[in-house]
Enquirer: 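Handing you a structure now.
Computed from a predicted model, the values in this text were never measured in an experiment. Just the heavy atoms: all of them, side chains too, but no hydrogens, waters or symmetry mates, feed the values below.
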Amino acid sequence: MSRVISLCGVHLSGNEQQFISEAFACNEVSCWGSNVNGFEEDLKHFVGGNNEVVALSAGTAAVHLALIACGVGPGDEVLVQSFTFCASSHPVRYLGAVPVFVDSEPDSWNMDPALLEEAIKDRMAKTGRKPKAIIPVALYGMPYKADEIMEIADRYEIPVIEDAAEGFGSKFDGRVLGTFGRYGVLSFNGNKMITTSGGGALVCPDVKTKNEIMFYATQAREAYPYYQHEKIGYNYRMSNICAGIGRGQMTVADEHIAHHKHVCALYKELLADVNGITLHENPSERYESNYWLNTVLIDPDLHVVGEEHAYEAAVQGAVGGAAGVTHASSTLHTDCEPNRNVEAMRMALDAAGIESRPLWKPMHCQPVYKDAPAYVNGVSESLFKRGLCLPSGPCVTDEDVAYIVSCIKAACRR
């Protein structure tokens with residue numbers, strides 16, 4: 001193939017340019033205007049209920065502001081799912097607070113409710129205080145056990161911040177993620193279900209809360225004829241131009257979600273005869289994943305061509321379509337890494353022009369969090385060592401999936 005099959009590429013419908021052009025024509029290129037207001041209304045309708053939505057510069061900003069709204073400050077503890085991207089936990093440290101990591105259960109791969117309650121009891125016994133918030137994550141779009149998590153959170157009166165950044169449009173018991181807890185975090189990064197090029201949103205319970213979040217997101221200014229600051233604020237409001245992209249994307253959001261689900265069904269069909277590779281699917285009818293990224297587990301006993309050469313050379317730059325600046329690797333190995341056959345499969349797909357990448361490395365295994373409390377059961381580490389993310393975006397065609405699966409089969413040793 002001449003082109004690279006991206007892990008989760010951007011697909012623009014054509015309406016985006018219309019909204020952007022209107023913003024330019026009206027000279028609304030800052031963080032105020034008809035697009036950002038309209039995008040928030042679109043999102044409010046999409047998530048349903050009586051919720052309000054604030055459009056922000058990133059999903060990370062949404063986590064940060066939700067933590068502030070929950071009163072999190074220096075020395076406080078926040079219970080965070082360990083199996084996740086760093087944006088779930090880094091904002092806790094921004095505020096001088098301590099992330100307490102909770103491992104996953106094997107059904108959804110998300111926060112284990114039993115471990116969550118164990119962590120709450122143990123932290124209260126050790127610190128004399130309740131954790132200030134709980135952050136479950138919809139990993140790769142898969143819903144968490146929202147009913148069990150919310151029951152525990154309500155019983156201990158701890159607010160829940162749902163990190164649904166990867167779970168836009170995913171549902172549990174027919175209810176959209178981001179509407180169970182006090183706050184819900186959405187992301188519109190360039191690789192998400194819909195994009196605003198970069199951006200996010202915070203789902204809030206009411207207008208009063210939305211206005212308070214907006215206050216902090218727009219520099220926290222008091223009502224004087226000059227800039228008066230009595231609290232620390234942030235420049236987190238989404239621009240009207242980015243919101244224009246989002247409004248265009250909302251017209252095809254349902255199509256994007258349907259396509260990701262279709263891609264999952266196609267992977268399931270084509271991988272059915274491959275022993276040793278398991279596709280992660282909804283555990284039951286209560287779950288409705290958007291399948292943001294389709295993921296597979298590779299059995300350690302399944303041997304892959306070239307696995308004896310895995311980890312022989314240092315990786316240059318980011319992998320699997322990720323962007324940004326990376327530091328050169330100091331060693332070829334870390335103390336927790338994917339199995340050799342998983343890395344060999346990633347390398348084989350990369351050589352075939354197919355982007356893939358390992359699952360998220362659990363936060364409790366990250367050097368930057370080596371001193372953070374963690375309640376673990378081995379689930380997320382085991383998944384990380386065996387898992388791989390496959391191309392799933394709206395630009396991935398049926399022919400692409402067939403080609404990807406053919407390359408996977410070719411890489412498996414008979």
Enquirer: Could you check whether any side-chain heavy atom of Pro391 comes within less than 4.5 Å of a side-chain heavy atom of Ile354, counting everything from C-beta outward?
Expert: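 Yes. Closest side-chain heavy atoms under 4.5 Å.
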Enquirer: Compute the ring centroids of His90 and Tyr369, then answer whether they are less than 6.0 Å apart.
Expert: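 They qualify: ring centres under 6.0 Å apart.
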Enquirer: Given side chains that start at C-beta, do those of Phe215 and Glu222 come closer than 4.5 Å, heavy atoms only?
Expert: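 Sidechains of Glu222 and Phe215: in contact.
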Enquirer: Does the gap between the ring centers of Phe83 and Phe384 come in under 6.0 Å?
Expert: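 No.
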Enquirer: Should Glu16 and Arg247 count as an ion pair when the cut-off is N to O under 4.0 Å?
Expert: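 No.
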Enquirer: Please determine whether a side-chain nitrogen of the Lys or Arg among Lys192 and Glu166 lies less than 4.0 Å from a carboxylate oxygen of the Asp or Glu.
Expert: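 Salt bridge absent between Lys192 and Glu166.
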Enquirer: Using 30° and 60° as the class boundaries, would you call the ring planes of His259 and His262 parallel, tilted or perpendicular?
Expert: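 Tilted.
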Enquirer: Taking the ring centre of each residue, are Phe172 and Tyr144 less than 6.0 Å apart?
Expert: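 Between Phe172 and Tyr144, the centre distance exceeds or equals 6.0 Å.
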Enquirer: Do Asn282 and Glu288 meet the criterion of a side-chain donor-acceptor pair at a distance under 3.5 Å?
Expert: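 Asn282 vs Glu288: no donor-acceptor pair found between side chains.
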Enquirer: Say whether Asp112 and Ser104, considering side chains only, have a donor N or O and an acceptor N or O under 3.5 Å apart.
Expert: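 Distance-only check fails for Asp112 and Ser104.
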Enquirer: Of Thr209, Leu67, Asn51, Val63, which meets side-chain contact (heavy atoms from CB on, under 4.5 Å) against Tyr183?
Expert: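 Result: among Thr209, Leu67, Asn51, Val63, Thr209 is the only option passing the side-chain contact (heavy atoms from CB on, under 4.5 Å) with Tyr183.
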Enquirer: Under 4.5 Å between any side-chain heavy atoms of Leu270 and Val401, yes or no?
Expert: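 Leu270 vs Val401: side chains touch.
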Enquirer: Walk me through whether Lys145 and Asp173 qualify under salt bridge (Lys or Arg N to Asp or Glu O under 4.0 Å).
Expert: CA-CA 10 Å; Lys145 294 186 174 180; Asp173 281 344; over 6 Å; no
Enquirer: Asp103 and Ser82: side-chain donor and acceptor closer than 3.5 Å?
Expert: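 On atom types as modelled, these side chains do not qualify, holding no pair under 3.5 Å.
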Enquirer: Step by step, would you call Glu117 with Tyr156 a side chain to side chain donor-acceptor pair (under 3.5 Å)?
Expert: CA-CA 9 Å; Glu117 183 159 25; Tyr156 288 93; 2.9 Å; yes
Enquirer: Closest approach of Ala313 and Leu332, non-hydrogen atoms and distance?
Expert: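 Of all heavy-atom pairs spanning Ala313 and Leu332, the closest is C-CD2, 3.7 Å.
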Enquirer: Could you tell me if Glu41 and His45 have a donor-acceptor pair between their side chains, going purely by distance under 3.5 Å?
Expert: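 Distance-only check fails for His45 and Glu41.
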Enquirer: Would you say the ring centroid of His280 lies under 6.0 angstrom from that of Trp109?
Expert: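 Ring centroids of His280 and Trp109 are less than 6.0 Å from each other.
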Enquirer: With a 4.0 Å cut-off on N to O distance, would you call Glu77 and Lys130 a salt bridge?
Expert: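 Lys130 and Glu77: not salt-bridged.
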Enquirer: Between Gln81 and Leu139, does the side-chain contact (heavy atoms from CB on, under 4.5 Å) criterion hold? Intermediate values first, please.
Expert: CA-CA 10 Å; Gln81 182 169 313; Leu139 197 73; 4.3 Å; yes
Enquirer: From Leu65 CG over to Glu212 CD, what is the distance, rounded to the nearest 0.5 angstrom?
Expert: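 That separation rounds to 10.5 Å.
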Enquirer: Among Pro358, Cys389, Ser356, Ser392, which residue satisfies the side-chain contact (heavy atoms from CB on, under 4.5 Å) criterion with Thr295?
Expert: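 By the side-chain contact (heavy atoms from CB on, under 4.5 Å) criterion, Thr295 pairs with just one of Pro358, Cys389, Ser356, Ser392: Cys389.
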Enquirer: Considering all heavy atoms of both residues, which atom of Cys242 and which atom of Ser197 are nearest to each other, and what is their separation?
Expert: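 Nearest pair, atom of Cys242 first, then Ser197: SG-OG, 3.6 Å.
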Enquirer: Nearest 0.5 Å, what's the CD1-CD distance between Ile134 and Glu162?
Expert: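 Between Ile134 CD1 and Glu162 CD, I get 11.5 Å after rounding to 0.5 Å.
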Enquirer: So, do Cys336 and Lys361 sit near enough that their side-chain heavy atoms are less than 4.5 Å apart?
Expert: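 They are in side-chain contact.
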Enquirer: Within 45° of the ring axis of Tyr311 and under 6.0 Å from its six-membered ring centre, is that where the NZ or CZ of Arg340 lies?
Expert: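 Cation-pi check for Arg340 and Tyr311: fails.
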Enquirer: Please determine which of Asn339, Leu297, Leu359 meets the side-chain contact (heavy atoms from CB on, under 4.5 Å) test together with Lys385.
Expert: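 In the set Asn339, Leu297, Leu359, the residue that makes a side-chain contact (heavy atoms from CB on, under 4.5 Å) with Lys385 is Asn339.
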Enquirer: Please step through side-chain contact (heavy atoms from CB on, under 4.5 Å) for the pair Phe168 and Phe188, ending with a clear verdict.
Expert: CA-CA 9 Å; Phe168 180 81; Phe188 312 118; 4.0 Å; yes
Enquirer: Over 60° means perpendicular and under 30° means parallel, so tell me whether His11 and His256 are parallel, tilted or perpendicular.
Expert: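 If you compare the ring of His11 with that of His256, the planes turn out perpendicular.
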Enquirer: Closer than 4.0 angstrom, basic N to acidic O: yes or no for Asp206 and Arg182?
Expert: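 No.
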Enquirer: Taking the side chain as C-beta and beyond, is there a heavy-atom pair between Arg346 and Val315 under 4.5 Å?
Expert: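 Yes - at least one pair of side-chain heavy atoms lies under 4.5 Å apart.
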Enquirer: Would you mind reporting whether Val80 and Met363 have side-chain heavy atoms less than 4.5 Å apart?
Expert: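 They are not in side-chain contact.
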Enquirer: Checking side-chain contact (heavy atoms from CB on, under 4.5 Å) for the pair Leu202/Leu56: CA distance, chi angles, key distance, verdict?
Expert: CA-CA 7 Å; Leu202 188 63; Leu56 300 166; 4.0 Å; yes
Enquirer: Does a salt bridge link Glu40 with Arg237, judged by any charged N lying under 4.0 Å from a carboxylate O?
Expert: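 Yes, charged N to carboxylate O under 4.0 Å.
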Enquirer: To the closest 0.5 Å, what do you measure between CG (Asn290) and OH (Tyr140)?
Expert: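 These two atoms lie 13.0 Å from each other.
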Enquirer: In sequence, state the C-alpha distance, the side-chain angles, and the governing distance for Arg93 and Ser89, and then conclude on side chain to side chain donor-acceptor pair (under 3.5 Å).
Expert: CA-CA 7 Å; Arg93 298 303 300 268; Ser89 55; over 6 Å; no
Enquirer: Do Tyr234 and Tyr94 have their ring centres less than 6.0 Å from each other?
Expert: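 Aromatic pair excluded; centres sit 6.0 Å or further apart.
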Enquirer: Say you draw a straight line from OG of Ser21 to CZ of Phe24; how long is it, rounded to the nearest 0.5 Å?
Expert: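 Answer for the OG-CZ pair, Ser21 versus Phe24, is 8.0 Å.
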Enquirer: Please determine whether side chain to side chain donor-acceptor pair (under 3.5 Å) holds for the pair Ser34 and Asn37, giving the CA-CA distance in whole Å, both sets of side-chain angles, and the decisive distance to 0.1 Å.
Expert: CA-CA 5 Å; Ser34 56; Asn37 294 333; over 6 Å; no
Enquirer: Assess whether side-chain contact (heavy atoms from CB on, under 4.5 Å) is satisfied between Phe39 and Thr196, documenting all intermediate values.
Expert: CA-CA 10 Å; Phe39 185 44; Thr196 57; 3.8 Å; yes
Enquirer: Going through the distances and angles, do Asp122 and Lys126 end up as a salt bridge (Lys or Arg N to Asp or Glu O under 4.0 Å)?
Expert: CA-CA 6 Å; Asp122 193 55; Lys126 288 179 176 175; 3.0 Å; yes
Enquirer: Taking all atoms of both residues into account, what is the closest heavy-atom pair of Asp76 and Gly71, and its distance?
Expert: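 Answer, listing the atom of Asp76 first, then Gly71: OD2-O, 3.5 Å.
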Enquirer: State, yes or no, whether a side-chain contact exists between Val160 and Pro136 at a heavy-atom distance under 4.5 Å.
Expert: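 Yes, side chains in contact.
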Enquirer: Below 6.0 angstrom between ring centroids: does that apply to Phe101 and Tyr375?
Expert: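 Distance test on ring centres: not under 6.0 Å, no.
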Enquirer: Is there a side-chain contact between Arg123 and Arg129 (heavy atoms, below 4.5 Å)?
Expert: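 No; the side chains remain at least 4.5 Å from each other.
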